[in-house]
Amino acid sequence: MLDPKLLRESPETVRAAIAKKHLEVDLAAVLALDTAWRAQLSEVEALRSKQRAANNEMAALKKGSPEFITKVAEMKAVSAEAKAKDEGLKVLEEKWHAAMLTLPNIPHATVPEGKTPEQNVVHASKGDVNAVSPHALPHWEIGGFANLFDFARGAKVTGAGFPFFIGDGAKLSRALLQFFLDEDVKAGYTEVSPPIFVNAASATATGQLPDKEGQMYETLDKLYAVPTAEVPLTNFYRDEILEEAALPVHRCAYTPCFRREAGSYGKDVRGLNRVHQFDKVELLKWVHPSASYDELEKLRADAERLLQKLELPYRVLLMCGGDLGFAQAKKYDLEVWAAGQQRWLEVSSCSNFEAFQARRAQIRFRSKETGKPELVHTLNGSGLAVPRVLAALLENNLQADGRVKIPAALVPYFGKEFLSFK
RNA sequence: GGAGGGGUGGCAGAGUGGUCGAAUGCGCGUGCUUGGAAAGCACGUAUAGCCGCAAGGCUAUCGGGGGUUCGAAUCCCCCCCCCUCCGCCA
């Protein structure tokens with residue numbers, strides 16, 4: 001959520017942000033609601049004040065005395081009025097809050113202008129996309145693929161997009177996870193194993209609710225299967241005030257991630273490109289506002305290092321205003337080259353949310369300077385998503401004999417130098 | 001899942017309808033005292049919203065929500081969480 005004060009004091013800043021993100025928001029309507037809400041609030045508070053004063057007077061009076069009875073009659077009317085106005089206030093407040101939630105975060109000055117994904121800026125590129133295997137194939141076309149990644153039986157047992165990982169497929173997936181976690185811990189992130197279901201309050205704090213409930217799987221108990229570890233991880237400190245000395249907090253967590261993503265089809269969803277359940281390690285940072293942009297660069301570098309060690313060609317995109325998410329102030333996407341498909345696959349998205357998420361989740365720290373609580377800045381990024389990295393490895397490292405060469409950094413985790421589809 | 005007991009400020013813990021944002025103690029901060037410290041003494045010590053240039057004012061918050069009442073930390077209803085015992089279970 002945006003700072004209401006920013007809206008009041010500098011609506012043009014908000015208007016510019018909406019324009020840069022190429023969103024449609026009726027800002028005038030939000031401002032009108034804000035004014036109306038504040039007016040109603042003053043009225044209700046004035047009545048409350050009256051009730052309070054009367055209450056103190058009546059405490060001193062003798063119960064049942066004529067003065068007391070008169071006062072009760074008088075205050076009955078005030079009470080009724082307060083109740084009525086309070087109901088109106090609640091309605092207004094709900095509308096106001098909903099309207100506030102339609103305002104996007106302000107993009108950072110360094111975010112490039114642009115509307116479509118094509119206008120994202122290639123910030124960096126590592127590795128030679130032409131230097132990979134001449135035998136590259138889309139991973140689902142590799143001979144024996146279905147032996148290790150059984151989509152058909154997954155569909156029978158659960159549904160489309162829930163593959164079984166078998167033998168070397170399961171092992172490579174686990175090796176990647178273990179490798180990611182170890183590297184992230186080395187980079188200073190504390191490993192956390194969070195719950196993989198969250199309640200509605202948590203899903204709301206990170207912005208999945210309301211509006212995006214269709215993206216999550218929901219249980220009978222109104223718990224939501226996490227779409228990313230970001231949700232339970234961010235909510236760890238929800239409604240808390242940290243000591244300034246505790247910042248920054250760096251954490252990483254592996255969870256399976258569940259996404260309904262209804263309506264996707266075509267080559268985007270072939271094979272491992274997009275599935276309903278996948279493994280991912282998420283990196284999360286809670287930092288002092290003055291440090292968040294340095295921390296974003298470090299976060300991106302931490303995610304990049306993983307791809308470098310796996311010897312996978314990749315590029316870093318700096319997202320333009322139009323392709324930046326609603327809640328992000330600045331975002332880099334890491335895309336790995338999948339030589340068989342001849343396309344880039346997104347494997348990490350590193351974002352600075354500034355105080356946008358923290359305000360909604362009420363995560364603060366006590367400023368040493370002022371002694372007052374201030375909102376932290378939150379950042380997160382994948383480090384990394386497993387199936388797409390796995391897909392790129394299969395394609396790029398495919399040998400003439402149909403085996404896949406395992407990168408040196410991963411061999412200790414996988415236990416062999418080659419993966420076999422037999 | 002069943003039975004019982006709880007949830008009050010940073011912590012402990014009073015408060016069962018009115019002057020209670022809440023006694024008291026601990027902790028913490030400032031000052032006095034002291035050669036210095038401890039003890040002692042004094043004062044202060046939550047969060048948020050709104051109004052205001054400011055000083056400041058007003059309002060809300062006693063697990064959450066709803067209700068009764070002129071008035072609720074206190075009474076009633078629903079929900080959540082914690083503890084003890086029983087059942088079940090990896």
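Because the structure is predicted, anything quoted here is derived from the model rather than measured. Numbered from 1 within each chain, the chains take letters A, B, ... in sequence-line order. Below, each value reflects all heavy atoms present in this structure, side chains not excepted, and no hydrogens, waters or symmetry copies.
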What integer number of Å spans the [atom1] atoms of [N] and [M]?
N	M	atom1	value
B:A23	B:G18	P	16 Å
B:G31	B:G49	C1'	34 Å
B:G15	B:G25	C1'	15 Å
B:A39	B:C32	C1'	14 Å
B:U74	B:U16	C1'	5 Å
B:G17	B:G71	C1'	8 Å
B:A37	B:C51	C1'	48 Å
B:U68	B:C75	C1'	8 Å

**Prompt:** Is there side-chain contact between A:T255 and A:E282, with at least one heavy-atom pair below 4.5 Å?
**Reply:**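 No, side chains not in contact.
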**Prompt:** Are the side chain of A:K368 and the backbone of A:E244 linked by a donor-acceptor contact shorter than 3.5 Å?
**Reply:**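 Here the side-chain-to-backbone pair does not exist.
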**Request:** Check for a donor-acceptor pair, side chain of A:N235 on one end and backbone N or O of A:S202 on the other, with a separation under 3.5 Å.
**Result:**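 Yes.
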**Message:** Mind checking if A:W37 touches a base, just sugar-phosphate, or nothing, with heavy atoms under 4.0 Å?
**Reply:**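 Sugar-phosphate contact only.
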**Request:** For A:P373, answer base if it contacts any base atom (sugar-phosphate contacts may also be present), sugar-phosphate if it contacts only those atoms, and nothing otherwise; contact means non-hydrogen atoms under 4.0 Å.
**Result:**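 Here A:P373 touches the backbone only, sparing every base.
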**Request:** For residues 94-103 of chain A, pull every pair meeting side chain to side chain donor-acceptor pair (under 3.5 Å), keeping only residues two or more places apart or in separate chains.
**Result:**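 Sorted result for residues 94-103 of chain A: A:D34-A:W96.
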**Request:** Just do the salt bridge (Lys or Arg N to Asp or Glu O under 4.0 Å) check on A:R15 and A:E12 with the steps written out, would you?
**Result:** CA-CA 5 Å; A:R15 190 167 288 124; A:E12 61 282 2; 5.9 Å; no
**Request:** Could I get the full list of side chain to side chain contact (heavy atoms under 4.5 Å, CB included) partners for A:F165, not counting sequence neighbours?
**Result:**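 Side chain to side chain contact (heavy atoms under 4.5 Å, CB included) check on A:F165 returns A:F149, A:P163, A:A170, A:S173, A:L272, A:L390.
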**Request:** Calculate, to the nearest 0.5 Å, the distance between atoms CZ and CG belonging to A:R8 and A:L31 respectively.
**Result:**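 So the CZ of A:R8 and the CG of A:L31 are separated by 9.5 Å.
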**Request:** Return each pair, listed once, that meets salt bridge (charged side-chain N to carboxylate O under 4.0 Å, His left out) where at least one residue sits in residues 151-166 of chain A; pairs must be two or more places apart or across chains.
**Result:**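 Every salt bridge (charged side-chain N to carboxylate O under 4.0 Å, His left out) pair that includes a residue of residues 151-166 of chain A, provided the two are not neighbours, is A:D150-A:R153.
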Checking [X] now: which residues fulfil ring pair (Phe, Tyr, Trp, His ring centres under 6.0 Å) with it, not counting sequence neighbours?
X	result
A:Y189	A:H250
A:F179	A:Y413
A:Y237	A:W286
A:Y332	A:H123

**Prompt:** Tell me, which stems hold RNA chain B, with a stem being 3 or more Watson-Crick or G-U pairs in a row and both distances under 3.5 Å?
**Reply:**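 RNA chain B stems, ordered by first number: B:1-7 with B:80-86, B:10-12 with B:24-26, B:27-32 with B:40-45, B:46-51 with B:56-61, B:63-67 with B:75-79.
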Under 4.0 Å from any atom of RNA chain B, heavy atoms only: list the residues of [range] that qualify, in numerical order.
range	answer
residues 60-71 of chain A	A:K63, A:F68
residues 77-91 of chain A	A:S79, A:K83, A:K90
residues 46-55 of chain A	A:R48, A:S49, A:Q51, A:R52, A:N55

Is [X] salt-bridged to [Y], cutoff N-O under 4.0 Å?
X	Y	result
A:K83	A:D86	no
A:K71	A:E74	yes
A:K309	A:E183	yes

**Message:** How about CD on A:E417, more than 12 heavy atoms from neighbouring residues, nucleotides or ligands closer than 6.0 Å, or not?
**Reply:**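 Not buried by this count: 12 neighbours or fewer within 6.0 Å.
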**Asked** On RNA chain B, nearest-nucleotide positions of A:E374 versus A:V72: which is more 5'?
**Response**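 The residue mapped nearer the 5' terminus is A:E374.
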**Request:** Report the residue (A:A59 or A:Q362) whose heavy-atom-nearest nucleotide on RNA chain B is the more 5′ of the two.
**Result:**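 Per heavy-atom nearest nucleotide, the more 5' residue is A:A59.
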**Asked** Quick one: how far along RNA chain B does chain A reach, first to last nucleotide 5' to 3', anything under 4.0 Å to a heavy atom?
**Response**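 Boundary nucleotides touching chain A, in 5' to 3' order, are B:G18 to B:G71.
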**Request:** Please test A:I106 against A:K20 for side chain to side chain contact (heavy atoms under 4.5 Å, CB included), starting from the C-alpha separation and ending with a verdict.
**Result:** CA-CA 9 Å; A:I106 312 294; A:K20 194 170 184 180; over 6 Å; no
